[in-house]
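Every number for a ligand or one of its atoms is a count from 1 in the order of the listing.
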Amino acid sequence: MRETERIGSLKGIGEKTENLFRKVGVDTVGDILRYYPRGFEIFEDPVPIGSVEEGKISTVAGSVFGRIQVSGNQRMQVTTLCLKDLTGTIKVIWFRMPFLRNTLGKGGVLFLRGRVVRKKDGLMMEHPEIYYPAAKYEEKIHTMQPVYPLTAGLTNNAVIKAVRQALSCANAKTDILPEELSEKYHFMAYEEAVRNMHFPKDKEHFAAARERFVFEEFLVFILSLRQMKEAENRAKNRFVLADQEKINGFLEALPYRLTDAQLKVWGEIKEDMQGEHVMSRLVQGDVGSGKTVVAFLALLLAGLNGYQGALMAPTEVLARQHYENISGMLKDYDLPMEAQLLTGSMTAAQKRGAYERIQSGEASIIIGTHALIQEKAVYQELALVVTDEQHRFGVRQREALAGKGAMPHILVMSATPIPRTLAIILYGDLDISVIDEMPKNRLPIKNCVVDTGYREKAYDFMKKQIAQGRQCYVICPMVEESESLDAENVMDYSQTLQDEMGGAVRVGCLHGKMKQQEKDAVMDAFGRNEIQILVSTTVVEVGIDVPNATVIMIENAERFGLAQLHQLRGRVGRGKHQSYCIFMSASKSDETKERLDILNHSNDGFFIAGEDLRLRGPGDLFGIRQSGILDFKVADVFQDAKILKNASEEAELILKDDPELGQPRYMRLKKHIGSKIQKIMLETTL
Ligand code: ADP
Ligand code: MG
């Protein structure tokens, strides 16, 4: 048997089962070897009946004591028996299995494995698995039985049978890892490792086998990304953008000077866009580091060269803010081009107008939400796509927007401070620039962590700031995972706060349930200082820029992740005034204290992210988990960070040694990478 043969060529797999396997992504014999269990059942020694514990899954062994009874009605027949060993008896019941009375009534020792529950007349075992005759259990004792991910109609047993057969074709010849790597890291031999992934001898053997495949999975993934990146990098730059004197003029006229870090990154972007190959670059910079103006320069360069550029934001509020900001700059600095907004909530007529201006080329800078990637938007000549705060975007959306032009330049802006190892995985296909310096006019934000008893004082403090002309955010306490409850809560809160503040101060509110126009109106009013206090859910978290706001008070701070709190705090400290962040928390737990303390003492996003990772462990940091791209079969980027590092170093070495992977020892690896790339491409097209 060969790995490439259809799964249907295994014994006992007919057309129906073959289709079921196909549904779970198993087409060939080789595929099933890589169809790993999602967990294992461990078959322990039976426990004495006298010492079973409530709530646990246990195995008991004994003989039937007394009669086996079947009661209940036709629809729900209940079979009951008592099992007895030297230490006691336990009642056992099954539902809808009346035939058991005959099969189990023949005497002899019976092994039952199931959950022990407490009912009014004592402990009993509910619906256990039956091992009869006893040898059926004894052969499994101390083994780990695989539990596979299934689909309706496909049983665990069917998978086990198929894997058992397929194992015969797992030999060194089908191993894809080059031998010298197996040796270097002392990996378990391929054949043994495959066997132990499915039917491990014990936990230690499984761990050893798993390590090998984690490494393999990372290696294949990184090499695939690298090859994709190479292919893209090799893609010719169809939009070579010439330098424009107007840009220097704009930079001179700006009221501030770009920081050295901004200039360096702008230089890298320009070099890319003027180079031989198309750009795909990630710009990382902490909140407030000034990414928007850098993105604007890139869009400007595209526009001045007669092309179009698009800027995609994760929320409508943010898209509109960018639009207003950018069209304001175009006008104020006398830059000869038009900006166009395109968002989902625009009326049909507005959209039609927008599509027209986009298609005719009248609009050079197009700003919007995911509406930008809808089919109806046809661009005249799209040379650049910028996505802002991209951790909120799926990879697919990015790729789809890229597909609107003939390989436009791609620029991704992100405030998410991602540790280096993760960046390799998430952005392995991008070059990375970092804005690692804050504008000079900034005073560091002053932080404090207080309990709810401080609330009155906080309100007084806000009044004083407002009297000096400043503005404030209050991030409202979260109630539940329910948007309507949160909305209600925000409204109540702002009403109470309004009463507290009196007529001279206007309190506005913002929450996810509001219509887009209402949100825009509130944001506009806040931007013009017609509203002095904005009470909001976390809607404001991403990117909003109102430099005149100097206070942010976060209620229930203990309920947010550190990275999110850091993003929220980033809404202030964006201008020349001293800013303040008040973390309000009712929680007295040490863990909360430690977490908030980190924020209290640091304004550095990278440091905070690292601490978050340390405290929370492999949690779903920054929502990265949901991005799909991290769905590895066995590997876990957090837990296996060390293997990831090794694999990425080896990938470098391999590519240095043989960029095309042409040597015979890389042959199987190369084939594997080919199909992995195909899969990634498939997953990233809409
Ligand atoms: P972010 O990186 O979080 O997207 P923004 O681009 O929104 O930050 O910039 C935050 C604020 O800083 C904006 O009001 C912007 O005008 C201002 N800004 C950007 N660059 C500089 C600079 N070099 N000096 C002073 N202010 C700057
Ligand atoms: Mg921003």
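For ligand 1, the polar-atom distance check against Pro439 finds no nitrogen or oxygen pair separated by under 3.5 Å. Polar contact check, Lys440 against ligand 1: no nitrogen or oxygen pair lies under 3.5 Å apart.
Taking the six-membered ring where tryptophan is involved, the planes of Tyr580 and Phe461 are perpendicular, since the angle between them exceeds 60° and thus also 30°.
Between the side chains of Gln284 and Ser414, not a single donor N or O lies within less than 3.5 Å of an accepting N or O.
By the ring-ring contact (aromatic ring centres under 6.0 Å, His included) test, Phe583 pairs with no residue at all, sequence neighbours left out.
In the vicinity of Arg442, heavy-atom distances shorter than 4.0 Å reach the ligand 1 atoms 10 (C), 11 (C), 12 (O), 17 (C), 18 (N), 26 (N), 27 (C). Atoms of ligand 1 lying under 4.0 Å from at least one heavy atom of Arg257, given by number and element, are 22 (C), 23 (N), 24 (N). For ligand 1, the atoms sitting less than 4.0 Å from at least one non-hydrogen atom of Pro547 are 14 (O), numbered in the order shown with element in parentheses. Near Asp545, with a cut-off below 4.0 Å to any heavy atom, the atoms of ligand 1 are 7 (O), 10 (C), 11 (C), 13 (C), 14 (O). Every atom of ligand 1 with a heavy atom of Leu258 under 4.0 Å away is listed here by number and element: 23 (N). Close approach of ligand 1 to Val287 (heavy-atom distance below 4.0 Å) involves ligand atoms 3 (O). Ligand 1 places these atoms under 4.0 Å from at least one heavy atom of Thr259: 23 (N).
No part of Met413 comes within 4.0 Å of ligand 1, judged by heavy-atom distances. Looking at His322 against ligand 1, nothing comes within 4.0 Å, counting heavy atoms. Under 4.0 angstrom from ligand 1, the non-hydrogen atoms of Thr292 come from both its backbone and its side chain. When heavy-atom distances to ligand 1 are checked against a 4.0 Å cut-off, Ser289 comes that close through both its backbone and its side chain.
Between the side chain of Glu518 and the main chain of Lys515, a donor-acceptor pair closer than 3.5 Å is present. Side chain of Thr550 to main chain of Ser579: no donor-acceptor pair is present (N/O by atom type, distance under 3.5 Å, no hydrogens or angles).
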Under 3.5 Å, which donor-acceptor pairs link side chains of residues 249-260 to any protein atom two or more places apart or in another chain?
from: Thr259; atom 1: OG1; to: Gln262; atom 2: N; distance (Å): 3.0
from: Thr259; atom 1: OG1; to: Gln262; atom 2: OE1; distance (Å): 3.3

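For Lys270, the NZ atom sits in a packed shell: over 12 heavy atoms of surrounding residues, nucleotides or ligands are nearer than 6.0 Å.
Across all non-hydrogen atoms, the minimal contact from Glu558 to Met584 is OE1-O, 4.1 Å.
The line from CD1 of Ile608 to CD of Gln564 is 13.0 Å long, rounded to the nearest 0.5 Å.
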